[in-house]
Amino acid sequence: MNPGSSPGLDGRTDIERAVTLLTEWLPVSLHPLARIAFNYRWCWMGAAVEDLFRVVDPAVWRRSGRNPRQVIEGTARSRLDELGHDRGYVEQVRRAWTDIRHDLERPAFAGPFRAEQPIAYVCAEFGIHGSLPCYSGGLGMLAGDLLKAASDLAVPMIGIGLMYRQGYFSQRLDLSGLQHEYWTPADLDRLPAALVTGADGTPVVVNVRMRKRSVRIQVWRVDVGRVPLYLLDTDREDNEPIDRWITARLYVGDRHTRLAQYSVLGIGGMRVLEALGIRPALVHLNEGHGALSSFERLRELMAFGRGFEDALEQVRHETVFTTHTPVEAGNESYREDEIAAVLGDFMEELPIPPAAFFGLGRKDPANRTEPSGFTPLALRTSRVANGVSRRHGAVSRAMWKSVWPERALENVPIRHVTNGVHTTTWMAGPMQALLDEQLGADWRTRLHDTAMWDAIQGIPDEKLWAVRSELRARLIDYVREKSVGDRLARGESPEYVEAAARVLDPSRLTVGFARRVATYKRLYLLTRFPDRALQLLGGERPLQILLAGKAHPSDQEAKDALRNVFQIKHAPGVGGHVAFLENYDFEIARRMVAGVDVWVNLPRPPLEASGTSGMKATLNGVLNLSVLDGWWAEAYDGSNGWAIATPEAGPAEQDDHDARALLDLLEREVVPLFHDRDAAGVPRGWVARVKASLGSLIPRFTAERMVRDYVDTLYVPRNPLLE
Ligand SMILES: *Cc1c(COP(=O)(O)O)cnc(C)c1O
């Protein structure tokens with residue numbers, strides 16, 4: 001195999017060409033803007049850099065989903081020429097590009113991995129930015145945050161995923177609160193992405209045989225700071241129409257298509273790397289969707305004459321696996337006939353008997369009635385695996401113990417690396433400015449320095465409270481503007497639409513609850529005791545609630561829960577104090593986790609593997625009120641937020657207990673603390689809790705810490721006895 005990537009074949013020249021084409025839209029003085037547009041590094045440099053695109057044309061910027069390429073291509077030349085003569089603007093563009101260039105040219109992380117042999121991070125979704133429609137929720141956000149942190153730390157990494165033309169669905173609620181879904185196709189030729197071409201100038205294409213024919217796969221390159229992200233795409237004229245659909249949408253319901261997606265990701269992903277001359281030192285499977293890659297690597301090694309056991313040993317040595325799903329049913333598995341229908345030809349290319357193929361995907365390889373799943377496959381073909389919080393690590397060891405029948409529970413090779421979030425993506429500008437002042441401008445590169453975070457205690461209460469109040473006010477401005485549009489589109493009465501412009505109060509205690517609406521997240525607990533909830537919304541010191549979240553299109557139970565909570569707005573006196581933000585996505589998440597006062601999370605333990613939105617809230621001085629599960633079980637220390645300890649009991653009893661505990665905490669602790677003000681109007685006790693939260697949680701739950709942990713505890717082989 002090729003040692004290292006051959007320059008040019010890996011898509012770099014394609015990005016270069018796309019940049020050159022984009023410069024043709026720009027006056028010479030602004031040519032660096034085209035370079036900035038083709039590397040998502042800009043999106044975590046702060047509002048000043050984002051504004052370089054916004055000011056070109058705020059309307060196009062917004063309409064395009066903040067797509068830097070489209071804002072350049074969609075703006076009149078006269079406007080661009082005008083900016084090209086604006087000395088200050090030109091200087092800012094030059095400086096931003098210089099900063100990015102320096103970042104890209106830094107030497108690589110001083111570790112065992114070299115740029116020529118990167119870590120290949122394989123995931124079915126990546127949440128990089130709102131303009132790239134390749135994510136649905138938490139898993140994708142985590143993958144995007146991880147790539148950004150790897151770039152910040154200069155860890156040699158590449159990402160491998162799928163290019164979904166239609167992305168995940170957009171959400172509309174009707175008047176009754178019933179969710180409707182629609183998909184909007186993206187124009188890939190207008191994304192900051194380049195189709196990778198080979199030496200002859202035509203797209204690099206690899207083939208994978210599926211459903212008894214060859215599926216041709218092309219690949220796009222998107223630059224995320226120093227990390228190239230390769231996104232595979234089957235929408236080519238020379239594919240059968242049904243095969244062009246494989247990479248159209250995220251998490252489709254149809255099992256054959258999903259299996260085809262995972263085949264493209266795993267098998268196609270490895271073939272694309274081979275075609276690009278990239279030889280990864282390690283494959284990191286983020287969730288099992290890419291696990292078929294192990295078969296493709298086995299096939300290659302065996303084609304060079306290696307025996308099965310020997311080849312498997314090498315694949316294992318070069319693979320690590322992160323599991324995210326603490327529910328059996330969430331770990332996808334397929335019957336032999338389903339797999340054979342999609343992958344029969346591929347199985348014939350493999351020099352291993354079908355029994356061995358299916359066996360690798362089973363907890364008990366000999367049990368032919370057990371379907372083959374991606375999690376057992378990934379566990380059996382990786383050197384070491386991890387859960388995504390301390391508790392989830394333990395849950396996963398127990399759940400998958402039977403894969404290692406001869407081992408004691410504590411020797412099951414599943415550890416944990418607790419998730420983290422990318423600081424400068426999720427921390428709002430005013431909070432970053434406050435830290436610049438208090439910690440010094442280099443705090444962004446010292447996130448792991450716990451001593452530095454002690455300085456949080458020295459922030460004057462008034463200043464911190466002013467930032468909190470500003471963030472809340474900004475969010476409520478946004479909610480008002482967005483609610484007008486949401487309500488109009490829903491067909492609400494003119495009075496109700498008008499009222500949107502006055503919804504919520506920028507000084508009122510604001511509680512946020514936003515996440516994927518899955519049953520285990522227990523959105524319905526908010527209205528389990530409606531009278532008490534209404535009291536909180538309408539009492540003497542009322543609070544207000546902001547909600548957002550999508551239910552999976554085929555999850556009827558989640559849709560019902562959504563509708564029930566949505567209808568609470570009809571209760572008398574509530575309308576102005578509850579808002580549901582439709583179409584929860586990257587942008588809404590960013591605003592919500594910055595602007596609310598309290599972030600509520602009510603999963604049924606132990607089903608929250610980690611959770612990350614609460615960490616995002618933490619970065620902004622928002623306090624968590626959460627069930628002790630996932631990350632919160634290891635984060636809560638009695639002073640940095642509030643916790644609900646779910647009893648060991650049946651589901652209904654747990655629900656009653658946790659719904660009551662939530663209301664009790666809100667009534668007895670949260671509301672009084674928020675309203676306990678001094679003469680200057682500052683809630684001192686509240687601010688003290690915010691400081692405890694910032695100081696104790698930020699250093700432990702950043703994506704930077706997470707990437708360091710991955711390097712130290714998983715990427716570098718350690719204890720051979722355990723692995
Ligand atoms: C962070 C995030 C999530 C994941 O939140 P959890 O707390 O892990 O459920 C989901 N969707 C969006 C849009 C996010 O930003």
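Just follow the structure's listing: the first ligand is 1, and inside any ligand the first atom is 1. For clarity, every value in this text was computed on a predicted model and none was experimentally measured.
Considering Leu525, Val627, Asp655 as possible partners of Arg604, the one that fulfils the side chain to side chain contact (heavy atoms under 4.5 Å, CB included) test is Asp655. Evaluated for a side-chain hydrogen bond (donor to acceptor under 3.5 Å, both in side chains) with Gln179, the options Gln171, Lys559, Glu582, Arg172 yield exactly one hit, Gln171.
For the pair Glu50 and Arg66, the salt-bridge criterion is met [side-chain N within less than 4.0 Å of a carboxylate O].
Around the CD atom of Glu557, the shell of radius 6.0 Å holds no more than 12 heavy atoms that belong to other residues, nucleotides or ligands. Other residues, nucleotides and ligands contribute at most 12 non-hydrogen atoms within 6.0 Å of the CD atom of Glu481.
His284 has its ring centre less than 6.0 Å from the ring centre of Tyr710.
Protein neighbours of ligand 1 below 4.0 Å, counting non-hydrogen atoms: Gly137, Gly138, Met141, Trp426, Arg515, Lys521, Tyr584, Asp585, Ala589, Gly611, Thr612, Ser613, Lys616.
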